[in-house]
Structure formats: C-alpha cells, structure tokens
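Report on the structure given below.
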Amino acid sequence: MLPLEKSNAGKSRSSQLSDQDQKRYITIPFSNLDSPITFTTAHAAVAADSYYRHQKSLGHSPHYLAGIKDHSRSTQQISRSDVDEMFSRGDAYRNQFQKQMDLLQIHPDKIFRTKSEVHKKTVTDFFRKLITNNDIYTCRVDGLHCTRCHIAISHDPHPTSVPPSQCPDCQGELEPIHEDPYFFRLKKFEKLILRHIQNHSDFIKPQFLKIELENRIKSGLKDVIVSRPTFEYGIPIPGETDQIIAGWFEGLIGYISALADSENNQRFLDYWPAHIQMVQSETVWMHAVAWPAMLLAGEVSLPERIFVTGDWNVDIDSDHPSLPASTSPCEIAEIFGSDSVRYFLLSHVPFGMNAVFQVSEFHKSIQRNLIHDLDGLTQRTLSLTQKVFHGTIPDPEGYDGDPEIRSLGEQLCKDIRENIATLQFSRILDEFGHTVRSLRYLLEENKPWTWPQKGPEGLPARKFFYSLLESLRILAHQIGPFLPTTSARMLTLLGISPESELSPSDEKWGQLEVGKTLPPPSPLFPEFESAKFDTQSSSNNPLRKSS
RNA sequence: GGGCCCAUAGCUCAACGGUUAGAGCACCGGACUCAUAAUCCGUCGGUUCCAGGUUCGAAUCCUGGUGGGCCUACCA
C-alpha cells in the first residue's frame with residue numbers, strides 16, 4: 001500500500017494529536033550520491049537530530065528522515081551502461097554516509113534511497129495523478145541548450161521575452177533544441193501558494209526569506225519542466241520511452257514515499273504533513289514554491305514548516321593556519337569529539353544564518369564554554385565532593401534544594417522549552433552557558449572549600465553540595481538532546497546510568513540517590529586534551545596530517 | 001534590471017520607541033590556589049555609517065544617500 005492511495009489523507013494536526021504522543025516528521029535534504037558531508041549539511045543534520053532527540057525526551061515519537069538521491073547526474077554519466085556499478089556505488093556511499101552521521105552522533109530513523117521500488121511506484125502514481133488532473137501537460141518547445149554547463153533555458157511554452165544569446169549562468173554558447181517536455185502548471189498555483197505563505201507566518205523560516213519569496217511569487221510564476229531527455233537511470237514518465245521524470249521533482253516526492261510502509265498507510269497517516277523540513281538555501285525555490293504546488297496538485301497537505309538552513313564555509317583564518325576548504329566536520333569530530341562540533345554548529349550563529357568555520361574560533365569557543373565553564377564547574381563540584389564527602393552524594397536530610405540553585409535549573413528548563421519551538425539553538429546554548437556561569441559564580445561566592453574549618457560535613461555543606469550535584473544532573477539531562485556524549489559522561493560521573501532514556505520527569509528536583517558512591521572525576525572532553533591542538537603552529541596541527 | 005538583508009566598542013555581536021547603549025573576546029592592572037585544562041576580580045574602551053524627518057523621547061520608526069552581503073526557478 002502506498003501513501004498516495006489515500007491521497008486526501010494528511011491529518012488535521014490539532015484534531016488528531018494529543019500532547020502525550022506527538023508524531024512529528026522531520027526531514028533534512030537528501031544527499032546527492034557521492035557528495036561529502038559538509039559543514040552546511042552537518043549543521044542541518046545536527047539541528048534536526050537535536051530537535052528529534054528533544055522531542056523524544058518529551059515522550060513523543062518523532063520520525064527523522066535522511067535520504068540519498070541515487071539518480072544523480074554523476075551516476076548517470078559514469079555508469080550509464082552498468083546498473084550494478086551504480087547500485088554498488090550507491091550502497092558504498094550509503095555506508096560512508098551512515099558512518100559520518102555516526103561520527104556526529106546523528107541518528108535518523110531512516111536513510112531513504114530514491115532507487116527503492118516504493119519510491120519509483122509512489123512517484124509514478126503521483127505523476128500519473130497530476131496528468132489525470134491536467135496539472136501536468138506536454139507541449140512542443142523550441143528551447144536553447146548551453147553547450148558548456150548543459151542547462152536548458154528558455155523553456156517556455158508561451159515565451160514573453162526575446163531568447164538570450166548567451167547562457168545567463170556561464171556565458172557559454174547556446175544551441176537550439178526541440179523537445180516535447182512535460183510541464184507542471186506551477187502558474188496555476190501562484191495565488192494559492194502566495195496566500196498560504198502569507199497566512200502561515202511559520203511556513204517559511206527564517207522570516208527574511210518569506211518576504212523575499214512573497215515578492216518573487218508576486219512577480220509571476222512560469223510553468224516548469226518536470227521531464228528530462230532519456231537517461232538510463234531515472235524514473236520513466238508513464239507511457240514514454242524516451243523521457244524520465246526530472247530529478248528534483250522525483251526527489252521531492254521522496255519525502256512522502258519514505259513514509260510508505262508495506263502493511264498499510266499508517267505511517268503516512270501518522271507523520272504527514274511534515275513538522276519541519278530543513279532545506280538548503282540553494283533549493284528554497286523548489287521547496288517553498290514548487291513543492292507546495294505539487295502537493296496542492298496531488299491533494300496532499302502541505303508541510304508545516306520549511307526551515308532554510310544557513311550555508312557554512314571553511315575559511316581562511318587571518319591569524320592562524322587555515323584549513324583546506326574541503327575539511328569535513330567529521331574530520332574535526334574524529335579529533336575533537338562529536339559534541340565539540342555539535343556545540344559549535346549549534347551555537348556559533350542563530351540557526352538559519354550563514355557562517356564561517358574558523359578553527360581558531362572553534363577552538364576558542366569550545367575552550368571557553370565547554371571546557372572552562374562546563375567542565376570546570378563539573379570538576380570543581382565533583383572533586384570537592386570527593387574531598388568533603390569521600391565521593392558519596394551527601395544527605396540533605398529532606399531539604400528541597402537551595403532556592404537560588406533550584407531556580408537556575410527551573411529557568412533553564414523553561415528557556416529551553418521556549419526556544420526549541422523556534423529552533424533557536426544558539427539561544428538555548430547561550431542560556432545553558434548562562435546557567436553554568438551562574439552556578440560557577442555561586443560556588444565562587446560561597447567558597448565551600450573554606451567551610452571544612454567550620455565543620456566539614458555539616459548539614460549546610462550537605463545541603464549546598466546536594467543542590468549543586470542535583471543541578472548538575474539537571475544540566476546533564478537538559479543538554480542531552482544537543483550534546484548527547486557530554487550528557488552521558490556527566491550522568492555517569494553523577495552515578496546515573498546514561499543508558500536510560502531522557503524523559504520529561506528528569507526536570508523534577510531531587511532525584512539523586514543519597515549515599516551513592518560516585519566514580520572518580522574524569523574530564524568531559526578528553527579528546528580535546530589528547531588532540532594537543534596548537535592553533536599557532538601548522539606543523540602541530542593534526543588537521544594537516546592528511547592534507 | 002528587480003527584490004531582500006546588514007551597518008553599534010579594536011574584534012564578534014546584544015539592546016521589544018523609554019534609566020547612564022550592554023555582553024564576550026582582545027589589551028592592561030591586581031589578586032588567588034577548592035579546581036585534571038589553572039582560576040578570580042578590576043580598568044580601559046562609543047558622534048550607534050551620513051543627512052534630513054516623525055516624536056515629550058530615536059541605535060530602534062519614515063525618506064534620501066554611502067558602503068557591504070545575498071537571492072533572481074526548469075543540474076540533482
């Protein structure tokens with residue numbers, strides 16, 4: 001059974017979802033076969049992963065989709081005559097993709113392949129339906145084809161302007177072509193899409209892109225070609241032998257075909273419409289205009305939110321040796337640990353903004369926020385606990401927590417809840433840092449290391465340390481969706497098995513087991529120390545070893 | 001050509017029309033040792049790009065400049 005067989009489906013979210021078990025569908029862009037994981041793709045994937053883990057920590061059942069486009073141009077060119085080679089390359093890429101995701105602790109529910117039969121069938125059904133509805137038509141055009149970049153232009157069944165003499169992209173020479181391509185009636189949906197964007201202020205984020213798109217739609221849409229001349233690998237157009245469905249068109253439908261399951265329509269009914277679709281800036285037009293139009297034509301509900309992620313570049317560092325532009329976030333994660341990379345990607349800029357990866361900035365940020373602040377607080381608290389209480393969790397005798405320390409934790413939980421809904425990861429990590437620094441300040445102000453003279457294991461000290469340890473536990477739980485490894489390490493140091501799933505009740509005060517013996521303190525970021533990274537010297541730069 | 005965004009301390013950025021425009025980094029100075037990588041405190045730092053306008057009141061709103069960035073669909 002395929003999703004589209006009940007294509008009017010697509011639940012009304014408010015009526016069918018209880019707060020207890022929200023089934024939110026989160027997607028990231030499908031990866032092109034053979035493209036490496038970049039900071040841009042990792043950024044979106046880490047963000048989606050963090051949101052997904054947060055949903056789970058609330059007790060919900062989200063579904064996180066990643067995918068691979070098997071029908072990319074590179075495979076068409078190289079392995080046109082060899083199906084087996086294409087499949088084996090796709091499989092190899094999938095394994096590599098999985099490995100890289102693992103390195104960053106990104107765990108989607110599914111890595112979808114567009115070579116799958118279910119995708120082929122869904123796309124074919126979808127295409128057929130749009131032909132039946134007369135939203136796809138075929139029409140003879142006299143177009144132009146760029147001999148350099150192989151892009152066809154001037155494909156307009158009702159041309160309104162003079163055809164250009166040079167390729168607008170590369171200034172290459174143009175040659176005339178005559179085809180009978182299939183058009184999708186994008187123009188027909190112009191007003192509907194515009195209205196949808198205007199009426200749903202969250203449909204496209206960030207906001208500035210919404211304004212830009214509104215203006216572009218207002219200036220008029222043209223019908224768009226959804227076919228390509230024959231290649232070996234692509235999904236054939238029903239009833240045609242020499243044309244296939246354009247890759248972008250087919251790829252978009254992947255978000256739906258990935259929800260097909262063998263038994264029935266249930267997964268599609270549960271998870272569509274998507275809650276968040278993260279897309280790259282270069283495909284905004286396709287995702288925010290063409291995709292909604294396709295869904296409208298196919299009588300499928302529109303996704304709730306299209307979130308356009310920022311572009312990242314690896315760039316020259318004026319004061320320090322720069323990295324090769326091809327440096328991958330996975331290489332960085334291998335050396336410095338996954339959470340360092342996750343932290344930097346999520347915190348460096350507000351989600352959706354463009355950014356530059358500079359190794360000195362990265363290093364400074366981790367050093368300050370994670371090692372100095374977070375690990376510093378953890379080590380100080382734990383080593384004092386070792387000294388004063390012989391490494392056991394002190395008994396506060398029913399005391400329900402230092403009000404100031406407690407309110408810091410409560411405030412953090414509240415801030416995270418408020419900011420996660422709008423994907424403001426950098427703000428969440430800022431708030432986290434603020435809480436950590438406030439706790440450090442309290443420690444500094446109270447100077448508990450001077451207390452032993454006044455009575456080392458007295459009730460005031462036990463109350464204070466219990467509160468501190470308990471707030472560390474809350475910090476560890478709260479940071480879990482964003483920095484899973486660090487969270488697990490912190491929990492281990494607090495004598496809690498990190499295996500246990502995060503849950504909403506983790507917010508509740510007073511869960512540490514009094515009297516429990518804690519393991520000896522160990523650093524939260526050992527990778528950083530072992531990397532012995534020196535931003536001043538390129539000879540000592542571990543990233544240089546392979547370049 | 002059309003459209004969008006940005007301009008605030010040396011750097012990176014905050015500030016919902018309303019106290020004296022704030023943080024972090026860097027610099028400089030002084031302490032300290034509970035801390036796996038030391039740490040703590042303090043000083044210094046501003047014509048909010050320019051010119052007008054609205055207002056009791058403008059970094060914030062409006063108009064016009066100047067400078068910078070980005071987008072402008074049928075490759076996947």
Between B:G64 and B:G10, how far apart are the P atoms? Round to whole Å, please.
31 Å
If pairing means Watson-Crick or G-U wobble with both distances under 3.5 Å, then the partner of B:G45 is none
Would you find more than 12 non-hydrogen atoms of other residues, nucleotides or ligands less than 6.0 Å from A:R427 atom CZ?
no
Span that lies between the C1' atom of B:A21 and that of B:A58, in whole angstrom
12 Å
Is any NZ, NE, NH1 or NH2 atom of the basic residue among A:R305 and A:D202 found under 4.0 Å from an Asp or Glu carboxylate oxygen of the other?
no
Give me the distance, rounded to whole Å, that separates B:A9 from B:G45 when you measure between the C1' atoms they each carry.
6 Å
Counting only side-chain nitrogens and oxygens, does A:H372 get under 4.0 Å of the OP1 or OP2 atom of B:U39?
yes
Across all strands shown, which nucleotide pairs with B:A23 by Watson-Crick or G-U wobble geometry, both distances under 3.5 Å?
B:U12
Identity of whatever pairs with B:C61 - Watson-Crick or G-U, under 3.5 angstrom:
B:G53
Applying a 3.5 Å limit to both distances, which nucleotide forms a Watson-Crick or G-U wobble pair with B:G1?
B:U72
Do A:S487 side-chain atoms and A:A476 backbone N/O form a donor-acceptor pair below 3.5 Å?
yes
Which residue, A:S219 or A:S227, contacts RNA chain B at a nucleotide closer to its 5' end, judged by nearest heavy atom?
A:S219
Just the table, please: protein N/O against nucleotides 30-35 of chain B N/O, every pair under 3.5 Å.
| unit_1 | atom_1 | unit_2 | atom_2 | d |
| --- | --- | --- | --- | --- |
| B:C34 | O3' | A:K387 | NZ | 3.1 |
| B:C34 | O2 | A:R380 | NE | 3.3 |
| B:C34 | N3 | A:R380 | NH2 | 2.4 |
| B:C34 | N4 | A:R380 | NH2 | 3.1 |
| B:A35 | OP1 | A:K387 | NZ | 2.9 |
| B:A35 | N1 | A:R380 | NH1 | 3.4 |
| B:A35 | N1 | A:R380 | NH2 | 3.3 |
| B:A35 | N3 | A:R380 | NE | 3.0 |

Could you list the donor-acceptor pairs under 3.5 angstrom formed by side chains in residues 245-255 of chain A, with sequence neighbours left out?
| unit_1 | atom_1 | unit_2 | atom_2 | d |
| --- | --- | --- | --- | --- |
| A:E250 | OE1 | A:H71 | ND1 | 3.1 |
| A:E250 | OE2 | A:H71 | ND1 | 3.1 |
| A:E250 | OE2 | A:H119 | NE2 | 3.3 |
| A:Y255 | OH | A:H287 | NE2 | 2.8 |

Considering every strand and a 4.0 Å limit on heavy-atom distances, what is the contact class for A:S35: base, sugar-phosphate, or nothing?
nothing
Measure the distance from CD1 on A:I244 to P on B:C75 and round it to the nearest whole Å.
12 Å
Which whole-number value in Å describes the distance from A:F336 CZ to B:A37 P?
17 Å
Do the two ring centres, one from A:F344 and one from A:H348, sit under 6.0 Å apart?
yes
Going by the rule side chain to side chain contact (heavy atoms under 4.5 Å, CB included), which residues pair with A:P36 if we only count those two or more places apart in sequence or in a different chain?
none
Between P on B:C74 and CD on A:Q243, what's the gap in Å once rounded to a whole number?
18 Å
How far does the C1' atom of B:U43 sit from the matching atom of B:C28, given to the nearest Å?
8 Å
Rounded to whole angstrom units, what separation is found between the CD1 atom of A:I197 and the C1' atom of B:C4?
14 Å
What distance, rounded to whole Å, do you find between the two C1' atoms, one in B:G18 and one in B:A59?
13 Å
Is B:A35 paired to anything, Watson-Crick or G-U wobble with both distances less than 3.5 Å, and if yes, which nucleotide?
none
Hey, are A:E444 and A:R380 close enough for a salt bridge, meaning a charged N less than 4.0 Å from a carboxylate O?
yes
How about A:Y137 and A:D223: does a side-chain donor come under 3.5 Å of a side-chain acceptor?
yes
Could you work out the separation of B:C44 and B:U33 based on their C1' atoms and round it to a whole Å?
28 Å
Using the P atom in both, what is the distance from B:G57 to B:G46, to the nearest Å?
27 Å
With the side chain defined as heavy atoms from C-beta on, A:Y441 is closest, among B:C74, B:U72, B:C41, to B:C41
Hey, are A:R185 and A:D135 close enough for a salt bridge, meaning a charged N less than 4.0 Å from a carboxylate O?
no
Which whole-number value in Å describes the distance from A:W285 CH2 to B:C74 C1'?
11 Å
Distances for protein N/O vs nucleotides 24-28 of chain B N/O pairs under 3.5 angstrom?
| unit_1 | atom_1 | unit_2 | atom_2 | d |
| --- | --- | --- | --- | --- |
| B:G24 | O3' | A:R368 | NE | 3.4 |
| B:C25 | OP1 | A:R368 | NH1 | 2.7 |
| B:C25 | OP1 | A:R368 | NH2 | 3.4 |

Looking at A:T486, is its backbone amide N or carbonyl O close enough to the side chain of A:D339 to form a donor-acceptor pair, meaning the two atoms are under 3.5 Å apart?
yes
For A:S522, report the nucleic acid contact type (base, sugar-phosphate, nothing); a contact means any heavy atom under 4.0 Å.
base
Select base, sugar-phosphate, or nothing to describe what A:G220 touches, counting heavy atoms under 4.0 Å on all strands.
base
When you compare B:C56 with B:U66, how far apart are their C1' atoms, in angstrom units rounded to a whole number?
32 Å
In the strands shown, is B:A7 matched to any nucleotide by a Watson-Crick or G-U wobble pair with both distances under 3.5 Å, and which?
B:U66
What contact category does A:L377 fall into here, base, sugar-phosphate, or nothing, at under 4.0 angstrom with non-hydrogen atoms?
nothing
Round to the nearest Å and state the distance from A:I225 atom CD1 to B:A76 atom P.
11 Å
For A:T138 and A:D180, which I'm curious about, is there any donor-acceptor pair between the side chains at under 3.5 Å?
no
At 4.0 Å (heavy atoms only), tell me whether A:L213 reaches a base, stays on the sugar-phosphate, or touches nothing.
nothing
Mind listing the N/O atom pairs, protein and nucleotides 5-15 of chain B, below 3.5 Å?
none

Separation of B:U72 atom C1' from A:L209 atom CG, nearest Å, is 13 Å
A:E212 CD to B:C70 C1', straight-line distance once rounded to whole Å
7 Å
Heavy atoms from other residues, nucleotides or ligands near NZ of A:K188 exceed 12 (cutoff 6.0 Å)
yes
Over 60° means perpendicular and under 30° means parallel, so classify the ring planes of A:Y93 and A:F97, tilted if in between.
tilted
Sorted by chain and residue number, the side chain to side chain contact (heavy atoms under 4.5 Å, CB included) partners of A:T40 (sequence neighbours excluded) come out as A:T38, A:Q280, A:D311, A:W312
